[in-house]
Amino acid sequence: MTLKSAPFGTDPIFICGPTASGKSSLALEMARALDGEIVNADAFQLYHGLEILTASPSADEIALLPHHLFGVLDPGEKMDAGRYLRMAKPVIGEIQNRGRTPVVVGGSGLYLKFLTHGPAPLPEGDPALRAGMQSRPLEDLVAQLRDLDPVEASRVSLQNRRYVERALEICLLTGEKASDLRDRWESKTRETESKLRGIVIRRDRADLHARIAARTKAMLDGGAIDEVAALADVAATCEKAIGFREIRSFLTGETALADCEEKINAATRQYAKRQETWFRREKWLEPRFLQPLDHS
RNA sequence: GGCUCGAUAGCUCAGUUGGUAGAGCAGCGGAUUGAAAAUCCGCGUGUCGCUGGUUCGAUCCCGGCUCGAGCCA
């Protein structure tokens, strides 16, 4: 709690870190100390029906303090970072109007980045356009991108179909070069970081992996399987949640429970590593090292 | 007890007609502003079970041993 809080008033404070690092408890602690309210910045805790699988805060925890943006979407509802920003901004504003401090907690780096750095002046995704691109071979898309915006084509990883599609989508929707639009925005974004405050939790790998394993076990024992069974048909969006496919394949008998558990663990570890890589680049975040003994 | 097969990367296995070995998964590192718990990129030295022998040279061939699986008693 050594955070420089005074100059910031009711400016939000961000609590980030890899999955299973203990963000929720730290957020609770911070919110209590700063007279705050908690705002979710986790892409999947936004949905209801996935509380166990996504390790959402428990009812007991939610009862302690106001929690916002947890379980507000129907499973299967489409979401993206821009829409998240539009939802979160007013919520954060209202908390501040009440004279309280928003404590934004979550591990979805892209969503957080929209909140902290704002949206780039780029068009949102166009489902029809994307559907059309999906049926075309990647080389075809790459060729078109090279033609419309060679600079962007040289920057984007051309093996990454998603990124190629997105770059092309921007060009087609705006009639401008995606690279130009991005450059304009990135040159403006630098100054904002001095006004941000936040914490990124760090833990030793072995510690984090142990916590992940314990949490996976608790999820499987604690109802995640029933949760997935109940959602088995809905799904398009939830399918991407770690554990969803693994549990579903257990439910159909393709995978033994022990294998299912190990696969979830592995996927979660890999996700945690991607998160560490992401947050390491956010230099404005103040690292906080937690040890196994803190186990919070 | 006898016979057969196996023993190679953390795991599952491939391979070397004798010139010290490579895939998948795991792991590690990275990218990432509207699908992000997504998507994508890069990284492979390990007493080739141990021990003798043959050979210029053995992980590979031969003997013994250890462990595991199976079959016969």
Side-chain angles (χ1 to χ4, degrees), chain A residues 16-21 23 40-47 50 53-56 73 75-88 106-127 129-131 133-134 138 142 152 155-167 169-170 173-174 178-179 181-186 188-189 192 205-206 208-209 212-213 215-216 219 224 228 235-247 258-259 262-282:
Chain A
C16 317
T19 189
S21 60
K23 293 187 293 295
N40 173 40
D42 180 293
F44 282 79
Q45 291 179 7
L46 251 18
Y47 292 96
L50 289 172
L53 198 69
T54 61
S56 295
L73 298 178
E77 217 175 318
K78 286 253 188 294
M79 192 61 192
D80 63 67
R83 188 174 166 213
Y84 169 74
L85 174 61
R86 271 172 261 134
M87 284 172 72
S108 299
L110 183 64
Y111 284 20
L112 282 157
K113 188 110 190 195
F114 266 67
L115 222 39
T116 54
H117 293 69
L122 300 172
E124 55 190 291
D126 181 319
L129 194 55
R130 287 180 182 186
M133 286 194 284
Q134 250 160 42
L138 179 59
V142 168
E152 187 71 359
R155 289 177 185 169
V156 169
S157 161
L158 296 175
Q159 285 127 306
N160 193 337
R161 192 182 175 96
R162 284 249 171 120
Y163 287 10
V164 172
E165 285 182 0
R166 175 60 182 156
E169 176 180 62
I170 293 168
L173 252 26
T174 62
S179 54
L181 296 168
R182 286 197 156 128
D183 285 347
R184 243 176 279 158
W185 175 72
E186 265 166 32
K188 284 199 304 190
T189 186
T192 69
R205 250 327 137 71
L208 190 63
H209 286 187
I212 287 170
R215 197 185 62 183
T216 301
M219 273 178 192
V228 170
T237 312
C238 311
E239 250 177 23
K240 293 180 301 175
I242 290 171
F244 191 91
R245 282 181 201 157
E246 291 85 350
I247 288 175
D259 291 344
E262 181 42 36
K263 280 183 179 161
I264 294 174
N265 280 147
T268 309
R269 278 180 236 131
Q270 290 163 348
Y271 173 48
K273 200 150 61 59
R274 274 178 267 135
Q275 290 175 300
E276 286 182 339
T277 301
W278 182 291
F279 292 125
R280 210 174 288 139
R281 297 206 312 169
E282 301 294 325

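Residue numbers start from 1 in every chain, and the chains themselves are labelled A, B, ... in the order their sequence lines are given, proteins ahead of strands. Computed from a prediction, not measured in an experiment: that's the story for all the values here.
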Short side-chain N/O contact from [X] to OP1 or OP2 of [N], under 4.0 Å:
X	N	answer
A:Arg166	B:G34	yes
A:Arg130	B:A35	yes
A:Arg83	B:A36	no
A:Arg274	B:A36	no
A:Arg205	B:C28	yes
A:Lys240	B:A36	yes
A:Tyr111	B:A36	yes
A:Thr277	B:G30	yes

[X] near the nucleic acid: base, sugar-phosphate alone, or nothing, with a heavy-atom cut-off under 4.0 Å?
X	result
A:Gly243	nothing
A:Glu169	nothing
A:Thr19	nothing
A:Leu53	base
A:Gln275	nothing
A:Lys78	nothing
A:Glu276	nothing
A:Ala120	base
A:Arg280	sugar-phosphate

Say we look at [N] and [M]: how far apart would their [atom1] atoms be, to the nearest angstrom?
N	M	atom1	value
B:G57	B:G53	C1'	14 Å
B:U8	B:A14	C1'	10 Å
B:G19	B:C48	C1'	15 Å

> Starting at the 5' end of RNA chain B and moving along, which residue's nearest nucleotide shows up first, A:Ile170 or A:Glu262?
Replying inline: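 Taking each residue's closest nucleotide, the earlier one in sequence belongs to A:Glu262.
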> Does A:Arg182 or A:Ile242 map to a spot on RNA chain B nearer the 5' end, using the closest nucleotide for each?
Replying inline: A:Arg182
Does [X] pair with [Y] as a salt bridge, N-O distance under 4.0 Å?
X	Y	value
A:Arg162	A:Glu165	no
A:Arg130	A:Glu124	no
A:Glu276	A:Arg205	yes

> Out of A:Lys273, A:Arg269, A:Gln275, which one pairs with A:Tyr271 under the side chain to side chain donor-acceptor pair (under 3.5 Å) rule?
Replying inline: A:Gln275
> Base of B:G10 relative to its sugar, syn (within 90° of 0) or anti?
Replying inline: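 B:G10: anti glycosidic orientation.
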> Which one, B:A36, B:A37, B:G34, comes nearest to the side chain of A:Pro119?
Replying inline: B:G34
>> Contact between A:Ile242 and A:Thr19 at the side-chain level, heavy atoms closer than 4.5 Å - yes or no?
In response: no
